[in-house]
Amino acid sequence: MQAWLCENPVGVDALAWKDVTTPLPGDSEVRVRIEAASLNFPDLLIVQNKYQMKPALPFVPGSEYAGTIDAVGAGVDHLTIGQRVACLAGTGGFGTYSVAPAAFCMPLTAGFPAVDAAAFIMTYATSHHALVDRAALAAGETLLVLGAAGGVGTAAVQIGKVLGARVIAAASTDEKCALCRSIGADVTINYTRENLRDAIKAATGGKGPDVIYDPVGGDLAEPAFRSIAWRGRYLVVGFAAGPIPSLPLNLALLKGASVVGVFWGDFRRREPAANAAAMAQLASWYGEGKIKPVIDRTLPMAELKAAYARMGSRGAMGKIVLVN
Ligand SMILES: NC(=O)c1ccc[n+]([C@@H]2O[C@H](COP(=O)([O-])OP(=O)(O)OC[C@H]3O[C@@H](n4cnc5c(N)ncnc54)[C@H](OP(=O)(O)O)[C@@H]3O)[C@@H](O)[C@H]2O)c1
């Protein structure tokens with residue numbers, strides 16, 4: 001088999017496409033012939049040694065992928081050889097085969113193509129956990145999504161609409177705003193051109209959003225939090241802009257607002273039954289056509305470095321998927 005190997009986590013340039021030994025699945029694991037793998041922001045951080053998880057070297061990056069099981073380890077009774085699955089295993093996806101814990105694989109129906117499946121779990125599970133579980137977003141409430149044309153952002157826009165919210169999508173270019181309108185956003189804000197606070201005020205009649213979904217951080221966090229509605233919930237999802245922002249806590253007091261952390265990986269580990277129920281709901285929404293991954297582009301697996309460059313330069317709209 002071949003895979004992109006990270007032998008030294010100093011960045012994307014150091015990754016090398018190599019022949020490697022095809023792994024055997026251990027107990028409770030399956031081996032998957034990978035058809036498609038998607039890029040998530042943590043994949044960018046992990047090859048620079050900037051992610052909270054630091055795998056032993058060398059490792060194959062690629063947190064999320066889809067394909068067909070071709071070998072099954074001892075103790076796996078709910079998955080079989082030949083079954084199609086989507087996996088979120090943290091690493092291993094940027095290659096032709098990978099081994100994953102069976103518990104981290106989601107069986108796929110025939111109508112779930114590999115490209116969509118490879119771009120599904122991380123973004124939708126995170127946004128579902130954030131909006132349904134952590135924020136209890138209710139029909140009729142207003143949701144503001146920052147970085148709304150990104151991976152988790154597009155999922156949040158779609159889930160917000162399924163839940164009956166009015167969705168304001170904020171992004172850095174007009175093209176990204178247009179994409180957000182095409183997937184259901186009611187209003188858009190281009191925060192490169194517009195003053196974020198003024199635009200939020202105008203879009204909410206001065207009331208502010210009930211829920212703010214923030215995967216970007218940086219300079220957007222404080223003006224967004226200052227704009228939140230009474231009893232608002234501010235979802236801390238990620239820091240794609242780099243700097244981790246600080247918020248003056250008096251703002252939480254003045255708005256009766258909550259700062260709510262979102263850590264889907266630990267939610268899956270600590271509360272597997274609740275996560276399984278969320279995944280089942282997401283799979284049924286996908287089957288009903290209510291949600292669908294936005295695919296920026298598909299590229300051959302060999303072009304992984306071009307995919308990384310597009311994500312790192314904020315070029316991607318939705319998800320980039322690598323295919324074998
Ligand atoms: N908490 C959790 O459980 C969880 C789970 C998954 C992901 N995350 C986090 O969520 C964040 C987004 O992940 P993603 O996979 O959706 O990434 P993505 O597709 O690259 O989207 C990130 C968005 O952030 C904005 N951005 C602003 N400054 C940026 C910069 N300097 N570089 C790159 N993007 C920048 C971009 O939108 P504009 O150009 O419109 O500003 C971009 O669309 C990451 O921080 C990731 O680690 C958290």
Side-chain angles (χ1 to χ4, degrees), residues 12 37-48 50-53 61-64 88 90 93 118-135 144-159 168-180 183 185 188-194 196 199 213-221 223-224 234-245 259-271 275 278 293-297 307-321:
V12 174
S38 78
L39 201 59
N40 288 291
F41 209 79
D43 299 319
L44 192 56
L45 301 176
I46 205 168
V47 299
Q48 304 171 70
K50 290 183 180 168
Y51 192 53
Q52 59 241 31
M53 185 176 97
S63 48
E64 179 170 26
L88 205 150
F120 193 73
I121 299 179
M122 175 83 91
T123 52
Y124 286 96
T126 298
S127 294
H128 188 285
H129 173 50
L131 297 174
V132 176
D133 187 5
R134 303 297 287 130
L144 168 65
V145 181
L146 304 176
V152 296
T154 47
V157 169
Q158 293 181 1
I159 291 172
I168 304 169
S172 64
T173 69
D174 288 344
E175 202 187 357
K176 289 184 175 185
C177 288
L179 169 83
C180 293
I183 59 167
T188 56
I189 296 172
N190 175 337
Y191 44 60
T192 307
R193 289 196 281 104
E194 298 173 69
L196 186 59
Y213 181 100
D214 182 7
V216 181
D219 294 339
L220 298 179
Y234 192 96
L235 294 163
V236 181
V237 179
F239 311 105
I244 295 180
V259 177
V260 183
V262 176
F263 187 1
W264 174 72
D266 243 35
F267 167 66
R268 175 173 75 166
R269 187 176 67 78
R270 291 168 185 268
E271 301 177 46
N275 180 59
V294 174
I295 307 299
D296 175 79
R297 61 193 53 199
Y308 265 121
R310 187 165 169 77
M311 172 174 264
S313 62
R314 290 167 84 168
M317 297 200 294
K319 301 273 294 177
I320 305 172
V321 179

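Counting convention: from 1, in listed order, for ligands and their atoms alike.
Close approach to F263 involves these atoms of ligand 1, each under 4.0 Å from a residue heavy atom: 3 (O). Listed by atom number, the atoms of ligand 1 under 4.0 Å from A171 heavy atoms are 40 (O). Each of the following atoms of ligand 1 lies closer than 4.0 Å to a heavy atom of G238: 9 (C), 45 (O). Remark: ligand 1 atoms within the under-4.0 Å shell around heavy atoms of V262 are 1 (N), 2 (C), 3 (O). Less than 4.0 angstrom separates some heavy atom of T126 from each of these atoms of ligand 1: 2 (C), 3 (O), 4 (C), 5 (C), 6 (C). Residue contact check: G150 has heavy atoms under 4.0 Å from atoms 19 (O), 21 (O), 43 (O) of ligand 1.
Taking the side chain as every heavy atom from C-beta outward, Y51 and P61 never approach each other to under 4.5 Å. Between W264 and I121, the closest side-chain pair of non-hydrogen atoms falls below 4.5 Å. Counting only heavy atoms from C-beta outward, the side chains of R193 and D174 approach each other to under 4.5 Å. Between V237 and L146 the shortest side-chain heavy-atom distance does not fall below 4.5 Å. Between L196 and L220, some side-chain heavy-atom pair lies under the 4.5 Å cut-off. Within the 4.5 Å cutoff, no side-chain heavy atoms of T173 are placed close to those of T192. In this structure, the side chains of P42 and M122 come closer than 4.5 Å at one or more pairs of heavy atoms. Counting only heavy atoms from C-beta outward, the side chains of I159 and Y213 never approach each other to under 4.5 Å.
Regarding atom 48 (C) of ligand 1, its nearest protein heavy-atom neighbour is V237 O, 3.0 Å. For atom 13 (O) of ligand 1, the closest non-hydrogen atom of the protein is F41 CB, 3.4 Å. Looking only at protein heavy atoms, the nearest one to atom 3 (O) of ligand 1 is W264 N, 2.8 Å. Atom 25 (C) of ligand 1 has V216 CG2, 3.9 Å as its closest protein atom, hydrogens excluded (heavy atom only). Among all non-hydrogen protein atoms, the one lying nearest atom 16 (O) of ligand 1 is V152 N, 2.8 Å. For atom 37 (O) of ligand 1, the closest non-hydrogen atom on the protein side is K176 NZ, 3.7 Å. Remark: minimum distance from atom 40 (O) of ligand 1 to any protein heavy atom is reached at S172 N, 2.9 Å.
A donor-acceptor distance shorter than 3.5 angstrom exists from the side chain of E194 to the backbone of N190, with no hydrogens or angles considered. Judged purely by atom type and a 3.5 angstrom limit, D214 uses its side chain to pair as donor or acceptor with the backbone of G217.
By the criterion of a heavy-atom distance under 4.0 Å, neither the backbone nor the side chain of K319 is placed next to ligand 1.
Nearest residue to atom 45 (O) of ligand 1 from Y51, Y213, F239 is F239 (criterion: closest heavy atom). In this structure, of A240, G261, G151, the residue bringing a heavy atom nearest to atom 29 (C) of ligand 1 is A240. Of the candidates M317, M311, R314, R310, R314 brings a heavy atom nearest to atom 35 (C) of ligand 1. Around atom 11 (C) of ligand 1, the closest heavy atom drawn from G265, G217, P215 belongs to P215.
For the salt bridge (charged side-chain N to carboxylate O under 4.0 Å, His left out) with D296, the qualifying choice from R314, R310, K176 is R310, the only one to do so.
Nearest heavy-atom pair across A307 and I320 is O-CD1, 3.5 Å.
Taking a 4.0 Å cut-off on heavy atoms, Y191 registers as neighbouring ligand 1.
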